[in-house]
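Remember, predicted model here, so these are calculated numbers, not experimental data. First the proteins, then the strands, lettered A, B, ... as listed; each starts at 1.
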Number of protein chains: 2
Amino acid sequence: MTLTEDKLDATFAALADPTRRAILRRLAGGAASVSALAEPFAMSMPAVSKHLRVLQRAGLIVRGRKAQWRPCTLNAKPLKQAALWIDHYRKFWEESFDRLDAYLKDLQCKGKKHAK
Amino acid sequence: MTLTEDKLDATFAALADPTRRAILRRLAGGAASVSALAEPFAMSMPAVSKHLRVLQRAGLIVRGRKAQWRPCTLNAKPLKQAALWIDHYRKFWEESFDRLDAYLKDLQCKGKKHAK
DNA sequence: TGGTTACGTAACCGGTTGGTTTATTACATG
DNA sequence: CATGTAATAAACCAACCGGTTACGTAACCA
């Protein structure tokens, strides 16, 4: 398994949680401290800290240091790889009204008729 | 949390596994039976069957029925939503040589020493 | 010096995940 | 009907995840 593939694991896994996606959305508006990031969520700070660690290990955020604050900053570069991977399938979701879609419907139809 | 957001959970989680990504890649070449999908992997068929269930619950595959075979077909539509979500951050990874990048470097620098 | 603030670490807990082996269902064919 | 094949179901296991509470630490401030 290539290194890029390996990173995709971490990237997609990091994106698979609504709290972490919300944190990224917040960071798109600028750097923020941990407590500022934690504020909108009904969870303890250690929980948020864990989410940040996941994001950091996926390379999606960078953590600095300023006195007693650890400002987090968005780093979107891993998202580029994720976007490229997904984009290989673009033609499939743009084929909505084509042969493929008709075939899918046909398949499901046969499935139900047989499985009575 | 919106319904779309909820589906993103399942989509990204499904993509976070190399086996499942490989299955999708294989299905991009056309429908396939479970045993055909299992063949390249060093794991039992029930394990592949579980991966397929994850992909199905994420809506990424559709399963038909033809005699004792359950052909799987790619359904890329959930990927469209994932691509749209990621695309909100495109400007951030295209800003490689801009203010943001400089700020990141500055932040890390301040972490180690003091401002220059 | 001692207190407060911001954050991390450690230990723990219930639920989920990714895999196994074994058994079972569904179908086709001799 | 008996047998073989394709696939799922069930039971089990170790590892991981997302959350908690309790405690530790580093920097600021009075």
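Contact annotation: B/His51 does not reach the phosphate of C/dT17 (side-chain N/O to OP1 or OP2, under 4.0 Å). At least one side-chain nitrogen or oxygen of A/Arg20 sits closer than 4.0 Å to the OP1 or OP2 atom of D/dG18.
Among all heavy-atom pairs drawn from A/Tyr89 and B/Arg21, the shortest one is OH-O, 4.2 Å.
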For a quick test of your reading: what N or O donor-acceptor pairs under 3.5 Å do the side chains of residues 40-61 of chain B make, sequence neighbours left out?
| unit_1 | atom_1 | unit_2 | atom_2 | d |
| --- | --- | --- | --- | --- |
| B/His51 | ND1 | B/Arg20 | NH1 | 3.1 |
| B/Gln56 | OE1 | B/Arg63 | NH1 | 3.4 |

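With sequence neighbours left out, B/Gln81 forms a side chain to side chain contact (heavy atoms under 4.5 Å, CB included) with B/Thr4, B/Leu8, B/Leu84.
Atom NZ of B/Lys66 and atom C1' of D/dA7 are 17 Å apart (whole Å). What separates CG of B/Asp9 from C1' of C/dG15 is a distance of 16 Å, to the nearest Å. Taking atom CD on B/Glu39 and atom C1' on D/dT5, their separation rounds to 17 Å, with Å as the unit. If you measure from atom CG of B/Leu37 to atom P of D/dT8, you get 10 Å, rounded to the nearest angstrom.
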So which protein nitrogen or oxygen atoms get under 3.5 Å of nucleotides 7-13 of chain C's nitrogens or oxygens?
| unit_1 | atom_1 | unit_2 | atom_2 | d |
| --- | --- | --- | --- | --- |
| C/dC7 | OP1 | A/Val34 | N | 3.2 |
| C/dC7 | OP1 | A/Arg70 | N | 3.3 |
| C/dC7 | OP2 | A/Ser35 | N | 2.8 |
| C/dC7 | OP2 | A/Ser35 | OG | 2.4 |
| C/dG8 | OP1 | A/Arg63 | NH2 | 2.7 |
| C/dG8 | OP2 | A/Ser49 | OG | 2.5 |

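By the 30° and 60° cut-offs, the orientation of the rings of B/Phe12 relative to A/Phe12 is parallel.
Between the CD1 atom in B/Ile23 and the CG atom in B/Leu74 there is a gap of 11.5 Å [rounded to 0.5 Å].
Nucleic acid contact class of B/Ala47 (heavy atoms, under 4.0 Å, all strands): base.
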Item to check | Trace of the side chain to side chain contact (heavy atoms under 4.5 Å, CB included) decision for B/Trp93 with B/Ile86 | outcome: CA-CA 11 Å; B/Trp93 75 69; B/Ile86 292 185; 3.8 Å; yes
